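The next block holds one structure in the form of structure tokens; read it before the comments.
Order of the sequence lines fixes the chain letters, A, B, ..., with proteins taken first and strands second; residue numbering starts at 1 for each chain. Treat the numbers as computed from the prediction; the structure is a model and nothing was measured.
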Number of protein chains: 2
Amino acid sequence: MAVTLKQIADKVGVHPSTVSRVLTGRHENFSVGEALRARILDAAKEMNYVPNELARGLRLQKSHTIGIVVPDILNPLYAGLVRSIEKENINERYSFLICNTDEDQEKEIKHIEMLRNKRMDGLLIVPVQKKMDHIKALWAENYPFVLILRRFEKLTTNAVVMENAQDAYKAVEHLIKLGHRRIGFVRGRRTSYEIQGRERGYRSALAAYHIAVDPRCIVGDGCSADDGYAAAKELIKQSNMPSALLVSENVIIVGVLEALFEAGLSIPYDVSVVSFADMTFSPFFSTPLTTISMPIDQIGKESMQILLKQMASPEIHLGRIKTLSGNFIIRKSTHKAFGS
Amino acid sequence: MAVTLKQIADKVGVHPSTVSRVLTGRHENFSVGEALRARILDAAKEMNYVPNELARGLRLQKSHTIGIVVPDILNPLYAGLVRSIEKENINERYSFLICNTDEDQEKEIKHIEMLRNKRMDGLLIVPVQKKMDHIKALWAENYPFVLILRRFEKLTTNAVVMENAQDAYKAVEHLIKLGHRRIGFVRGRRTSYEIQGRERGYRSALAAYHIAVDPRCIVGDGCSADDGYAAAKELIKQSNMPSALLVSENVIIVGVLEALFEAGLSIPYDVSVVSFADMTFSPFFSTPLTTISMPIDQIGKESMQILLKQMASPEIHLGRIKTLSGNFIIRKSTHKAFGS
DNA sequence: TATCTTGAGGAAAACGTTTTCTAGCAAAGA
DNA sequence: TCTTTGCTAGAAAACGTTTTCCTCAAGATA
């Protein structure tokens, strides 16, 4: 069906290799007469030649494609990440194959297997982090990849992560300084790297100000809006509900807001709220949200740059770990505690 | 580097074709002894065999990949679309290569060229719609594809689109029935299919109720939040600003809200707002938004189903056009006009 | 005149699969 | 005993490129 080099060659009356050389512009150690060159170019255009990247890829051992594995592209955090990765794709050398895991470990494993089958030149992964054998395998085989937002303590791979503990610490400290003593933590997936870091920060901030941690103040385990909704409900029904909340993730906050709204609680008068969040919309919520927002553009940029370097020399383990801090932005959703 | 069929074959002492047959499970017209079969399977596992999809693709003339071209994956509308397309990917037969055009026609042309080079089995496209030659070419060559949300009147390709005019009509009618007479239209990109349909609907609703269209009420041309912001500003500074607004697109509304907020205008008391929108967040804005929301899941599902059919028989032009209606959801951002 | 360079292009292998065609051999049927 | 059938497996071509190694003539050089 599709036109091949050979067909062009036949039409022009020349060898396929010559056509290849003209079309790819490779004249090193080689030269083609101007006239012939022009004839080949014309024929290719006329015949609507579409180079077969599958064949090129097989020969060149390169797919010119990078695999991206994220939890859910519908989460603006990850969509933004993808866009910022794209921006570092100088000269549009690569295209991107995107996979969603929905935080499902088995899906991730299958996706990565598929990406390897399709011979991605490199992988950018936000890992689910329940298992690490398949990541270890990549590492052992010098397959170029960079972990994003999450990494394995026991494995020194390339990674770009956040200062989660520190970021959470700052947020909680802010609440404490506003006079809050009972501060809730709406947690995301307990097993995930960011959340564990953020919980550590939450705990150490309380400890620093000599406030005991009430386990009933820590709720939730999951990363959907529904999970946030359920977790907030649990908090709301408690007799001495926290006067302030730290919400640990982007999408969860939507559910928390819904629960608060449903319960007729007003922000920040009934409850102060700080959230890790990265939605363009945060400022337009009924009460503009005080947030810790991530430097998504920078995360994408660093990740891609490391990956490019790693792809350039796969045999050398860079083991680059870049750690970035979030931006704490105070808006209207936090207020002095009324007792103080 | 990577293990090949031949290496497995050598190790087991058998021909590569036999290995291929065992590993792909193709035993039609063929059979392999149980013992040998097991030995091959073992060897493959032990040697960590990763099939080369590039080679398979070349041989089979299939990439098992579908190209998706959208304006911007960061727009929840398109991210949702991608996810719903994925849901129709039964048995995970395909993976998806995603390209963003940013509504730039040249980018779209380049992306589609690249997708053809990489031999995508099919294409799902939200076209920029300034040029159509490259789409026509796909069509002429029986390349399987489906246009989404936008289509060319002059080209009967597969497409899944919305009843834009009708949807806008309903929204405007709602405003008119609330007593509004001066109704603004914050337009998106003038050249795009949806926007033209929506403008038609806007105009015909006004006409149906004998309200003259004031060209000053129609503002904007662009699809970013900034465009919405600028357009709303323009409306706000007018002496007789409209008492109600129809906002034509998803992301634009964020800018409009910002402008309104900045001008100290309250919704719906100073101005009623209806928007085409598809964000999970709409209900949580300072005033929950009355919206026309699209059945994204259905759009993705229909698109993928049509594409699958088209891929199954590329030589037959299905020319299927599916038209869907939006859901009009009344929330709190619209109110009776105060004059009435 | 004999040898060397240089410019122009061809031949063929290789990348890793899949699939069609062929073939050996044993058991079964005639 | 001779042919057929069924099971098992190998050989080789093909998919569409790229690239290394040739070849061959013409002009330059010694």
Side-chain angles (χ1 to χ4, degrees), chain A residues 1-41 43-44 47-65 113-114 116-121, chain B residues 1-41 43-44 47-65 113-114 116-121:
Chain A
M1 198 58 240
V3 177
T4 71
L5 279 189
K6 188 167 172 350
Q7 289 175 35
I8 300 179
D10 287 350
K11 173 146 182 180
V12 180
V14 87
H15 199 271
S17 57
T18 307
V19 179
S20 167
R21 285 182 271 234
V22 169
L23 259 34
T24 56
R26 294 223 170 290
H27 300 269
E28 304 124 42
N29 322 329
F30 202 83
S31 53
V32 179
E34 264 316 309
L36 179 54
R37 201 181 131 68
R39 275 205 299 148
I40 291 177
L41 251 19
M47 298 172 78
N48 264 316
Y49 174 65
V50 180
N52 187 326
E53 270 288 337
L54 259 38
R56 295 194 73 217
L58 177 58
R59 174 66 229 239
L60 262 19
Q61 303 281 54
K62 262 173 182 290
S63 63
H64 303 287
T65 311
E113 185 188 342
M114 178 272 292
R116 299 183 56 165
N117 291 352
K118 292 200 171 150
R119 293 297 190 270
M120 298 292 109
D121 294 339
Chain B
M1 198 61 240
V3 177
T4 70
L5 280 189
K6 188 167 172 351
Q7 291 175 35
I8 300 179
D10 288 350
K11 171 146 186 178
V12 180
V14 85
H15 199 270
S17 57
T18 307
V19 180
S20 166
R21 284 180 274 231
V22 169
L23 259 33
T24 55
R26 295 222 169 291
H27 299 267
E28 303 122 42
N29 321 329
F30 203 83
S31 53
V32 179
E34 264 316 309
L36 180 53
R37 199 181 132 69
R39 274 204 301 147
I40 290 178
L41 252 18
M47 299 173 77
N48 264 316
Y49 175 65
V50 179
N52 187 326
E53 269 288 337
L54 260 35
R56 295 193 73 216
L58 178 58
R59 174 65 229 238
L60 262 18
Q61 304 280 54
K62 262 172 183 288
S63 63
H64 303 288
T65 310
E113 185 188 343
M114 177 274 291
R116 298 182 56 166
N117 290 353
K118 292 199 170 150
R119 294 298 190 269
M120 298 292 108
D121 294 341

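- For Gly33(B) and Ala55(B), each mapped to the nucleotide of DNA chain D holding its nearest heavy atom, the one lying further toward the 5' end belongs to Gly33(B).
- Taking each heavy atom of Arg119(B) and Pro51(A) in turn, the nearest pair found is NH1-O, 3.2 Å.
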Short heteroatom pairs, N/O only, protein and nucleotides 10-12 of chain C, under 3.5 Å:
unit_1, atom_1, unit_2, atom_2, d
dG10(C), OP2, His15(A), N, 3.2
dG10(C), OP2, Thr18(A), OG1, 2.5
dG10(C), N7, Arg21(A), NH2, 3.3
dG10(C), O6, Arg21(A), NH1, 3.4
dG10(C), O6, Arg21(A), NH2, 3.3

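- Across the protein-nucleic acid pair, Arg56(A) atom CZ and dC15(C) atom C1' stand 13 Å apart, rounded to whole Å.
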- Mind running side-chain contact (heavy atoms from CB on, under 4.5 Å) on Asn52(B) and Thr4(B) for me, showing each step along the way? CA-CA 8 Å; Asn52(B) 187 326; Thr4(B) 70; over 6 Å; no
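- Between Lys118(A) and Thr65(A), the side chains place no donor N or O within less than 3.5 Å of an acceptor N or O (distance only, hydrogens not considered).
- Here the C1' atom of nucleotide dA14(C) and the CG atom of Leu54(B) are 15 Å apart, to the nearest Å.
- Looking at heavy-atom distances under 4.0 Å, Ser20(B) makes contact with a base.
- A sub-4.0 Å separation between OP1 or OP2 of dA14(C) and a side-chain N or O of Gln61(A) is absent.
- To the nearest angstrom, P of dA9(D) lies 12 Å from CZ of Arg37(B).
- We find that CG of Asn52(B) is positioned 17 Å from P of dA14(C), with the value rounded to whole Å.
- The CG-P distance, from Leu5(B) to dG10(D), rounds to 13 Å in whole Å.
- One interatomic measurement links the two molecules: CZ of Arg39(B) to P of dT8(D), which rounds to 14 Å at whole-angstrom precision.
- When the nucleotides dA9(D), dG16(C), dT17(D) are ranked by their closest atom to the side chain of Val32(B), dA9(D) comes out on top.
- The side-chain heavy atoms of Asn117(A) and Val50(B), taken from C-beta on, include a pair separated by under 4.5 Å.
- Taking the charged nitrogens against the carboxylate oxygens, Glu113(B) and Arg116(B) have no contact shorter than 4.0 Å, which rules out a salt bridge.
- Judged as a salt bridge (charged side-chain N to carboxylate O under 4.0 Å, His left out), and not counting sequence neighbours, Lys62(B) has no contacts.
- Backbone-only engagement by Leu60(A) is indicated by non-hydrogen atom pairs under 4.0 Å involving sugar-phosphate atoms exclusively.
- Looking at Thr18(A) and Val12(A), their side chains never come closer than 4.5 Å, going by heavy atoms from C-beta outward.
- In this structure, Arg116(B) atom CZ and dG16(D) atom P are separated by 15 Å, rounded to whole Å.
- Between the NZ atom of Lys62(B) and the C1' atom of dG16(D) there is a distance of 18 Å, given to the nearest Å.
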